[in-house]
Amino acid sequence: MLRTHTCGELRETHVGQEVTICGWIDTYRDQGGVLFLDLRDRYGKTQVVFSTNNDPALLELSKTLRQEWVIQVVGKVTARPEGTKNPKLPTGDIEVRTSKLTLLNKSVTPPFTPGQRDLPGEDLRLKYRYLDLRRQEMQQTLILRHRIVKEMRDYFDEHNFLEVETPMLGRSTPEGARDYLVPSRVHPGKFYALPQSPQLYKQILMMAGYDRYVQVARCFRDEDLRADRQPEFTQLDLEMSFVTADDVMGIIEGLVARVAKKTLGIDVPLPLPRMTYDEAMERYGHDAPDRRFDLEIVDATDLAAKCDFRVFRAAAEAGERVRGLNAKGAAEKYSRKTIDEITEWVKHDFGCKGMAWFKVEAGGTLASPIAKQFSAEQLAEFATRFKAEPGDFIVFIADKFEVTCKALYGLRKKFGVELNLYDPKAMNFSWIIEFPMFAWDEESKTWAAMHHPFTAPRPQDIEMLSTDPGKARAVAYDLVINGSEAGGGTIRIHDQETQSKVFGLLGIDEATARERFGFLLDALQFGAPPHGGIALGIDRWIMLFGGLDNIRDCIAFPKTQKAADMMTEAPGTVDLKQLRELSIKLNQ
RNA sequence: GGGGACGUAGCUCAAUUGGUUAGAGUACCGGACUGUCGAUCCGGUGGUUGCGGGUUCGAGCCCCGUCGUCCUCGCCA
């Protein structure tokens, strides 16, 4: 070892010892006759001192050192003189008086330094990721990530789970997200696909009798990115045999409580609250509601049906919904101009025809440009329904149910942030259960699996698969943390008959099913046990437990919004020779 | 694919709403300083205003295109 100690561990108890430490020069303070520098490594910072009293030649040498150079220092740990201790540093009571200095490596002048006050732009951070990762915040996040993943592995090990690796090179299935494809050299014209999740493999493992499987699994989806979405991400994937949904949720709840306790020191009361999908859509307009604050959607379709305002009445009569939100005390915050901007936003982003709104005046009456189109009694009814109080700001969306959900979900989120409706440090965990089996896809005019095609319907809904597929509910459960989908799973179909029926509804004929999932259908015939599981989005867990608002900050080497790596400049071009070997010809 | 924001010194930002030689802090280079810790003080180097067109007497600022980063809708079984 080139060092006896790290830069984070020396304390007053080490005073008098001769130590050797290595690290990067964080900052230096040249005072002429004495020079201080903070030596930094992963573990912390330690002040190193050079002075004329000590060794004038060494002091001269130290004056040539610059930021981010890597040095080795041999010296004696000494207590800092009274009045010069630095309470901001854990090592601030001591310093190292240097007797030997070795320059291990120089650095060119870096574009930014880990300690600088203003964070550089994200593109620069990503290009020089090795400098960015030297920052304490990034280190803390990666350490948190390590701790959470280790906690998960320990937990599942204690609960008798086996970690089994599944292939990265699989076959493409057109369902779901777009695949990342890998051309096969040996099979010209054929392609592997990187896994979107290890779904089928883990089900096969259940059929193979490995009744508790877990894996920290990398997954790939070639879809457009978001603040919380990367093209490659990591799931804590698990599957269990001979279990009910309650069993799977119970295991996960134990994990949630343990991780929350160990990382944030908070006690999560169990069991976690559960809400059905339908209820979540009614109350919050979304299947992953942020329940750190109330502000629930209020339905007023019945009042709309009998009111004089044509827009409302027409919507209600057309079978649409008229729903709204009461942003308590927000009337003054939103000016006419701002409201117009919000209206444009909901029209553009969610396809609403418009947004009606009222401000509640001192006397409790509803004021709005459209108020005169209602009778006083009607206004009073709406006011009562929304529990209107002076100063409140009430917005309405009259549209198809799905549109009201999207718009009101968006508005609720906006109000939550802008009106400070929640403590940003609060953590809220809940389950959303009983998702629909299918969603109608307007484009292809077919039913599409809401989760995936192997999801088991509730036993009492099996009949509905044939009669009313849209009403059938799945044995499915999503873990929601602070309005973010932090995990999702289902009990799977384990008999071939139900599986065939579901494939049929999804427009997958028998031949196609055989071609794509033949191995699964075969396996189902060889004694498949009842089984189910869940996958947790590890990157999102790190975001949530780390209080971060960006998934890139949770990943050592993330990709930009256009799925590029700014450091390696992937994706890149390849030689014609490589393409020829793969029997691939480009279109230009 | 659609909408929006941003792009000025190595870095973080400013530049009177189109007007003289594009500024500041920091970094970097040189100098001073024996207890600093965001050290301080003095001096200095540093600019294709992302790129390409256009409008104008005159463009960092206006217009068109393009590239990049971010946010967002679609998309993400």
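Throughout, a chain's letter reflects where its sequence line sits, starting with A, and its residues are numbered from 1.
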query = Which part of the nucleic acid, if any, lies within contact of A/Q116, taking any heavy atom under 4.0 Å across all strands shown: a base, the sugar-phosphate backbone alone, or nothing?
reply = sugar-phosphate
What's A/L89 touching, base or sugar-phosphate or nothing? Going by heavy atoms closer than 4.0 Å.
nothing
From CD of A/Q230 across to C1' of B/C71 the rounded distance in Å is 15 Å
Practice problem: Would you tell me whether A/R171 and A/T173 have side-chain atoms, one donor and one acceptor, within less than 3.5 Å of each other? | Solution: no
Rounded to whole Å, the NZ-C1' distance (A/K45 to B/C37) equals 9 Å
- prompt: Base, sugar-phosphate alone, or nothing: which one does A/Y28 contact when heavy atoms must sit under 4.0 Å apart?
  reply: sugar-phosphate
*asked:* Tell me whether A/K414 forms a cation-pi arrangement with A/W345, defined as NZ or CZ under 6.0 Å from the six-membered ring centre and within 45 degrees of its axis.
replied: yes
Base, sugar-phosphate, or nothing for A/R125, non-hydrogen atoms under 4.0 angstrom? nothing
Notebook entry, point to check: For A/F36 and B/U36, do the ring centres fall under 5.5 Å apart while the planes stay under 30° apart?
Noted result: yes
Which is true for A/L35 with a 4.0 Å heavy-atom rule: it touches a base, it touches only sugar-phosphate, or it touches nothing? nothing
message = If the threshold is 4.0 Å, N to carboxylate O, is there a salt bridge linking A/K471 and A/D461?
response = no
Counting the atoms with a prime plus P, OP1 and OP2 as sugar-phosphate, which does A/K347 contact under 4.0 Å by heavy atoms, base, sugar-phosphate, or nothing? nothing
Base, sugar-phosphate, or nothing for A/A227, non-hydrogen atoms under 4.0 angstrom? sugar-phosphate
- Query: With a non-hydrogen cut-off below 4.0 angstrom, is A/T455 in contact with a base, only sugar-phosphate, or nothing?
  - Reply: nothing
Base, sugar-phosphate, or nothing for A/Q196, non-hydrogen atoms under 4.0 angstrom? nothing
### Query
Are A/K76 and A/E95 close enough for a salt bridge, meaning some N to O gap below 4.0 Å?
no
Query raised in the report: How would you label the contact of A/P120 with the nucleic acid (heavy atoms, under 4.0 Å): base, sugar-phosphate, or nothing?
Result: sugar-phosphate
- [ ] Answer with base, sugar-phosphate or nothing: what part of the nucleic acid does A/Q31 contact at a heavy-atom distance below 4.0 Å?
- [x] base
From the list A/F435, A/Y477, A/W431, ring-ring contact (aromatic ring centres under 6.0 Å, His included) with A/Y277 holds only for A/F435
note: A/H348, atom NE2; B/C71, atom P; distance rounded to Å ~ 18 Å
Answer yes or no: does a side-chain N or O of A/T560 lie under 4.0 Å from OP1 or OP2 of B/U69?
yes
Next item on the list: Remember a base hit wins even if backbone is also touched, and classify A/R80 as base, sugar-phosphate or nothing at under 4.0 Å, heavy atoms.
Entry: base
Quick note, A/R66 side chain, CB onward, closest among B/U36, B/G30, B/U34 is B/G30
